**Q** 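Just dropping this structure here.
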Amino acid sequence: MASPGPDGRAGIDAALVRRLIAAQFPQWSDLPVVPVEVDGWDNRTYRLGDDMTVRLPTAAGYVPGVAKENEWLPRLAPALPVAVPPVLAMGEPGEGYPFPWSVRGWLPGETADRARIDDIPQFAASVAGFVRALHRCDTTGGPAAGEHSFWRGATPAHYDDQTRRCLTALAGHVDTARAAAVWEAAVTSRFDAVPVWFHGDIAPGNLLVADGKLAAVIDFGTSGVGDPACDLVIAWTMFAGDSREAFRAVVDLDDGTWARARGWALWKALLVMADSLGTDPERAAANERVVGEVLADHDRPG
């Protein structure tokens, strides 16, 4: 088992998880409970024995995502080319913990990192293949983009005020005139195609790699049915050059979708950069690089 991560964030710790398991799933009460080495933000995740995980929302705003995953992951999984989290059980509030929670099957692999990937362009093509397969899934009854998806799958214009405040705050740190042009192109582009399933957070931390290749995709908390533009952000946050072109070719989406995708990437990078200036230079620099990649992509010929 991997080294345990820090315990106790958001008032959730291994002792609480053990109590919840003992009270609601006593058949698993003898299994060890260990915080995972790489934890998300919206939810806390613990290993339960060797073959399971426990996933607990850290705040009320993340509860809809867990319920949505429990309902839809089993329906989506058969149509997807790599594994997604298998849902084993749904827990109820208890032991002082106020939210529903879930037990999932453990998926082998490590979060995506260039050092763990054999061929970055091929990996990018595999990620794009997953995205395309998800976009082809049956949307009947699926949850339309909205608050539960933190507006992924809707227009990036939802974050217009926030983005423009960030542009003001970052004057002198990024080319705000070019960034404003990218943002304007994103918010004026309209999605007028048939809504599709989207993941909402295709990012290295949600992609698992085994034997140098894409093995699984996790964390569907921001998923829903709507505009797929938000699923293209990884083109700038992880890929570049040949790998970006491989991703672009396989995912095969129109220019308007890419314009909105640049808006999603720009919004998040500006937000994190503005928050990190003066407190976390490394994080600020990483997001400044993403901003630069987005602006260059917007300006590229064709």
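Remember, it's a predicted structure, so these values are computed and weren't measured experimentally.
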**Q** Between W264, W267, W151, which is the residue that forms a ring pair (Phe, Tyr, Trp, His ring centres under 6.0 Å) with H158?
**A** W151

**Q** Between R55 and D219, does any NZ, NE, NH1 or NH2 come within less than 4.0 Å of an OD or OE carboxylate oxygen?
**A** yes

**Q** With V66, which residues qualify under side-chain contact (heavy atoms from CB on, under 4.5 Å), at least two apart?
**A** N43, P57, N70, M90, S102, R104

**Q** For D211, is the CG atom crowded, meaning more than 12 foreign heavy atoms sit under 6.0 Å from it?
**A** no

**Q** By side-chain contact (heavy atoms from CB on, under 4.5 Å), which residues pair with T111, not counting sequence neighbours?
**A** V38, R116, L208

**Q** Is E184 salt-bridged to R164, cutoff N-O under 4.0 Å?
**A** yes

**Q** Tell me which one of W101, F150, F99 satisfies ring pair (Phe, Tyr, Trp, His ring centres under 6.0 Å) with Y62.
**A** F150

**Q** Can you list the residues that meet the side-chain hydrogen bond (donor to acceptor under 3.5 Å, both in side chains) rule with R260, with sequence neighbours excluded?
**A** S189, D227, T257

**Q** Would you mind listing every salt bridge (charged side-chain N to carboxylate O under 4.0 Å, His left out) that reaches into residues 59-68, with sequence neighbours excluded?
**A** none

**Q** Ignoring hydrogens and geometry, is there a side-chain-to-backbone donor-acceptor pair from T58 to D42 under 3.5 Å?
**A** yes

**Q** Strictly under 6.0 Å, is that where the ring centroids of F198 and H135 end up?
**A** no

**Q** Thinking salt bridges, do R289 and E282 make one under a 4.0 Å N-O criterion?
**A** no

**Q** Tell me which pairs pass salt bridge (charged side-chain N to carboxylate O under 4.0 Å, His left out) where either residue lies in residues 199-209, with sequence neighbours left out.
**A** none

**Q** In this structure, are over 12 heavy atoms from other groups packed under 6.0 Å from D242 atom CG?
**A** no

**Q** Around atom CD of E147, are there more than 12 heavy atoms of other residues, nucleotides or ligands at under 6.0 Å?
**A** no

**Q** Taking side-chain contact (heavy atoms from CB on, under 4.5 Å) as the definition, give me every residue that meets it alongside A83, ordered by chain and number, with sequence neighbours left out.
**A** L107, A216

**Q** Under the side-chain hydrogen bond (donor to acceptor under 3.5 Å, both in side chains) rule, what do D160 and W183 come out as? Steps first, then yes or no, please.
**A** CA-CA 8 Å; D160 187 61; W183 183 247; 2.7 Å; yes

**Q** Does the R19 side chain pair with the main chain of A22, one donor and one acceptor, at a distance under 3.5 Å?
**A** no

